[in-house]
Amino acid sequence: MSKLKIYNSYSREKEEFEPLVPGHVGMYVCGPTVSGESHLGHARPYITFDVVYRYLMHLGYKVRYVRNITDAGHFEEEGREAEDKISKKAQIERLEPMELVQKYTNLYHWAMEKFNNLPPSIEPTATGHIVEQIGMIEKLIDAGYAYVAGGSVYFDVKKYAENHDYGKLSGRIIDDLLETTRALEGQEEKKDKADFALWKEAPPEHIMRWKSPWGEGFPGWHIECSAMATKYLGAQFDIHGGGMDLQFPHHESEIAQSTICNHIAPVRYWMHNNMITINGKKMGKSYNNVIKLTEMFSGDHPMLEKAFSPMTIRFFILQTHYRSTVDFSNEALVASEKGLKRLMEAYEWLKQTTFDHQSAGTDTELDEKVVKLVSEFDDFINDDFNTAKVLANMFELVPVINSIKDKQIKADALSGQTLLLLQTQMKTYVEDILGLQAESAAEEDKLKGVMKVLIDLRKEARTKKDWATSDKIRNQLAEIGIQLKDDKDGNISWNMQ
RNA sequence: GGUACCGUGGCCGAGUGGCUAGGCAGAGCUCUGCAAAAGCUCCUACAGCAGUUCGAAUCUGCUCGGUACCUCCA
């Protein structure tokens, strides 16, 4: 069997994956800033890395998956007037910052669950790790790579670049960064324009603030990930993931900070997912073209022709390789919705069907084809998580499965061994690795519709004193675990046992 | 301006130097009381130009077009 290869953004090559500690994998993924609602673009990294997480576990690794929550606001633009995104909005909405953070964190968790994303092993918050961040900044100052200016602390990029490769991850050239002509206000505190803040002095109106050796302030954006990754995964760990837009400056800066603090490059494999675009443009707050997840699920957005379920979106995302952009459109989503339905119907039948696993098989050619298609799942996922190709093979298997189901192909055409392999591989990949599941939400809606039909029929029967029919409906539903209750007001309610 | 990346059939998308994914849509057929579903078959593309090669959508160069990052951003 092939071995897992991961495209490492740092080396720009696919590399065979070898964990630092045999049997264990440490993975850090940049989580959301909970100052607002998650949108479609946010779905991509969490679904992408959920599959990575699931696959690593499938391979038998014990994985510690750390995904942070950024709940401490950051300055909007480095060097310009510092303002805390969260506190700013809190003032407008007259809410406590933590109330806002809680609200959006809950909403984010709700969406993750809808996507069937497994929860990470540790989900640390920035505000919960101020101490660690301050500790790291102190280390950087002691090492001579950070300097205090006013009540703020900056990282000395120029000095770092003298003996380290600053810019390698993001393909930046250090001299360009130092000589950037970009005119930003309030740069005078910094020695060089490329320097980034580790700690920012809080202006008086800033609500979120903490005491520090340099006065009251708040941590710079990049330091939280370095501090929390170090704390939970160690000085060096296996995989760091996130969106491509975080490569610079966020991840570049993380490397610099951690390297100085821990005397070792923090990450062995950098993975970056590409963006979701809409009409060819990146979906993002600054472009004013976001569709929030709640809007995706409800269809309540001018650009949406209908609602799309979380599973449709998950499938849509997995149909594209994670390093390519995916362009959102109603047509593409509808296509995914239909494709997913066909796949899942075939899969559900396959899953609940019992075959004769002793049969020798009569159609060698077909048997070999199925074995090949199913075995390639492993090769494709090992090739930098090519979920698109895995799904393509599944769709080649769908007609085979449906033909067996409709008896157009006899079940014994395939050997018992192959049928078993087909069943187990499909289950492993559909459910365990890709994390696809039947549309529970959609099914629930349908179930409600069905129950209404039955309840209406029963009401009619009761009105006509047709107790036989009335009782039949109630008793047979009870047999399958649905209890009907005649409420005092004449309505009929139901619940599942 | 700097640095990358991309340009695939009606739409979405995978991809390797030769064997030409897959989904959706469309057409025909089979099955079917009707319908749906399902199955079979068809539609065969790689922005343009030049080059390397026995052979390129895949490598090189140029042209055109697009995107991302360089500032918060998944």
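Quick note on labels: first sequence line is chain A, next is B, and so on, each numbered from 1. We use all heavy atoms of the structure for the numbers below, so side chains are in, but hydrogens, waters and symmetry mates are not.
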Participant: Please measure how far the C1' atom in B:C46 lies from the corresponding atom in B:A56, and state the result in whole Å.
Facilitator: 11 Å
Participant: Rounded to whole Å, please give me the gap between CD1 in A:I173 and P in B:C69.
Facilitator: 18 Å
Participant: Does a side-chain N or O of A:K338 approach OP1 or OP2 of B:A25 to a distance below 4.0 Å, or not?
Facilitator: yes
Participant: Using purine N1 to pyrimidine N3 plus N6-O4 or O6-N4 for Watson-Crick, or N1-O2 and O6-N3 for G-U wobble, each under 3.5 Å, what pairs with B:A56?
Facilitator: none
Participant: What distance, rounded to whole Å, do you find between the two C1' atoms, one in B:A47 and one in B:G9?
Facilitator: 14 Å
Participant: Examine B:A68: is either OP1 or OP2 under 4.0 Å from a nitrogen or oxygen in the side chain of A:Y287? Give yes or no.
Facilitator: yes
Participant: Should B:A25 form a Watson-Crick or G-U wobble pair with both distances under 3.5 Å, which nucleotide is its partner?
Facilitator: none
Participant: For B:G23 and B:U30, measure between their P atoms and round to the nearest Å.
Facilitator: 23 Å
Participant: What about the rings of A:Y46 and A:F115, do their centers lie closer together than 6.0 Å?
Facilitator: no
Participant: Given that A:G31 and A:E345 both sit by RNA chain B, which one's nearest nucleotide is further toward the 5' end?
Facilitator: A:E345
Participant: Classify A:T320 by what it touches in the nucleic acid, base, sugar-phosphate, or nothing, heavy-atom distance under 4.0 Å.
Facilitator: sugar-phosphate
Participant: Is A:F328 close to A:L304 at the side-chain level, that is, under 4.5 Å between some pair of heavy atoms?
Facilitator: yes
Participant: From CE of A:M275 over to C1' of B:G66, roughly how many Å is that when rounded to an integer?
Facilitator: 17 Å
Participant: Examine A:R67 relative to A:F49 and say whether NZ or CZ is less than 6.0 Å from the centre of the six-membered ring and inside a 45° cone about the ring axis.
Facilitator: no
Participant: If you check the A:P399 side chain, which of B:C72, B:G23, B:G39 turns out closest?
Facilitator: B:G39
Participant: Give A:M283 one of three labels, base, sugar-phosphate or nothing, depending on what nucleic acid heavy atoms sit under 4.0 Å from its own.
Facilitator: base
Participant: Ignoring hydrogens and angles, state whether a donor on the side chain of A:T418 or A:D367 is under 3.5 Å from an acceptor on the partner side chain.
Facilitator: yes
Participant: Under 4.0 Å: is that the gap between some side-chain N or O of A:R342 and OP1 or OP2 of B:G23?
Facilitator: yes
Participant: Over how many whole Å does the gap from A:D165 atom CG to B:U3 atom C1' extend?
Facilitator: 14 Å
Participant: Taking CG from A:N402 and C1' from B:A38, how many angstroms apart are they, rounded to a whole number?
Facilitator: 6 Å
Participant: Mind checking the P distance from B:G18 to B:U60? Whole angstroms is fine.
Facilitator: 16 Å
Participant: Could you give the NZ-to-C1' distance, from A:K407 to B:U30, as a whole number of Å?
Facilitator: 18 Å
Participant: Once you round it to whole Å, what is the distance between P of B:C24 and CG of A:L391?
Facilitator: 12 Å
Participant: Using the side-chain contact (heavy atoms from CB on, under 4.5 Å) rule, take A:T70 and A:V34 through it: C-alpha gap first, then chi angles, then the decisive distance, then the call.
Facilitator: CA-CA 6 Å; A:T70 299; A:V34 284; over 6 Å; no
Participant: Using the C1' atom in both, what is the distance from B:G48 to B:G66, to the nearest Å?
Facilitator: 15 Å
Participant: Under 4.0 angstrom, heavy atoms only, what part of the nucleic acid is A:N386 near: base, sugar-phosphate, or nothing?
Facilitator: sugar-phosphate
Participant: A:L293 CG to B:A74 P: how many Å, rounded?
Facilitator: 12 Å
Participant: Indicate, with a heavy-atom threshold strictly under 4.0 Å, whether A:G280 touches base, sugar-phosphate, or nothing.
Facilitator: sugar-phosphate
Participant: Could you state the atom-to-atom distance from OH of A:Y28 to C1' of B:A74 in whole Å?
Facilitator: 13 Å
Participant: To the nearest 0.5 Å, tell me how far A:M394 CE sits from A:E376 CD.
Facilitator: 12.5 Å
Participant: Does A:L373 offer a backbone N or O that forms a donor-acceptor pair with the side chain of A:N393 under 3.5 Å?
Facilitator: yes
Participant: Remember a base hit wins even if backbone is also touched, and classify A:K405 as base, sugar-phosphate or nothing at under 4.0 Å, heavy atoms.
Facilitator: nothing
Participant: The side chain of A:H321 is closest to which nucleotide in this list: B:C70, B:C12, B:A14?
Facilitator: B:A14
Participant: State the pairing partner of B:G1; accept Watson-Crick or G-U wobble contacts with both distances under 3.5 Å, and report none otherwise.
Facilitator: B:C70
Participant: Can A:Y232 and A:H129 be counted as having a side-chain donor-acceptor contact under 3.5 angstrom?
Facilitator: yes
Participant: Which of these nucleotides, B:G23, B:A38, B:A74, is closest to any side-chain atom of A:Q408?
Facilitator: B:A38
Participant: OP1 or OP2 of B:G13 less than 4.0 angstrom from a side-chain nitrogen or oxygen of A:S324, does that happen here?
Facilitator: no
Participant: Using atom C1' in both nucleotides, what's the gap between B:U58 and B:U3 to the nearest angstrom?
Facilitator: 25 Å
Participant: Touch check for A:I276, heavy atoms < 4.0 angstrom, all strands: base, sugar-phosphate only, or nothing?
Facilitator: base
Participant: Name the nucleic acid region contacted by A:E396, choosing base, sugar-phosphate or nothing; use a 4.0 angstrom heavy-atom cut-off, strictly under.
Facilitator: sugar-phosphate
Participant: Taking any heavy-atom pair under 4.0 Å as a contact, classify A:V326: base, sugar-phosphate, or nothing.
Facilitator: sugar-phosphate
Participant: Does OP1 or OP2 of B:A74 have a side-chain N or O of A:N273 closer than 4.0 Å?
Facilitator: no
Participant: Would one find a side-chain N or O of A:K282 under 4.0 angstrom from OP1 or OP2 of B:C69?
Facilitator: yes
Participant: Any strand counts, and the cut-off is 3.5 Å on both contacts for Watson-Crick or G-U wobble. Which nucleotide pairs with B:G65?
Facilitator: B:C6
Participant: Where each residue is assigned the nucleotide of RNA chain B containing its nearest heavy atom, which of A:R172 and A:D245 is assigned the position nearer the 5′ end?
Facilitator: A:R172
Participant: Can you tell me, in whole Å, how much space there is between the P of B:G10 and that of B:C43?
Facilitator: 14 Å
Participant: For B:U44, what is the paired nucleotide under Watson-Crick or G-U wobble rules, both distances under 3.5 Å?
Facilitator: none
Participant: Rounding to an integer number of angstrom, what distance separates B:C62 and B:C54 when you compare their P atoms?
Facilitator: 24 Å
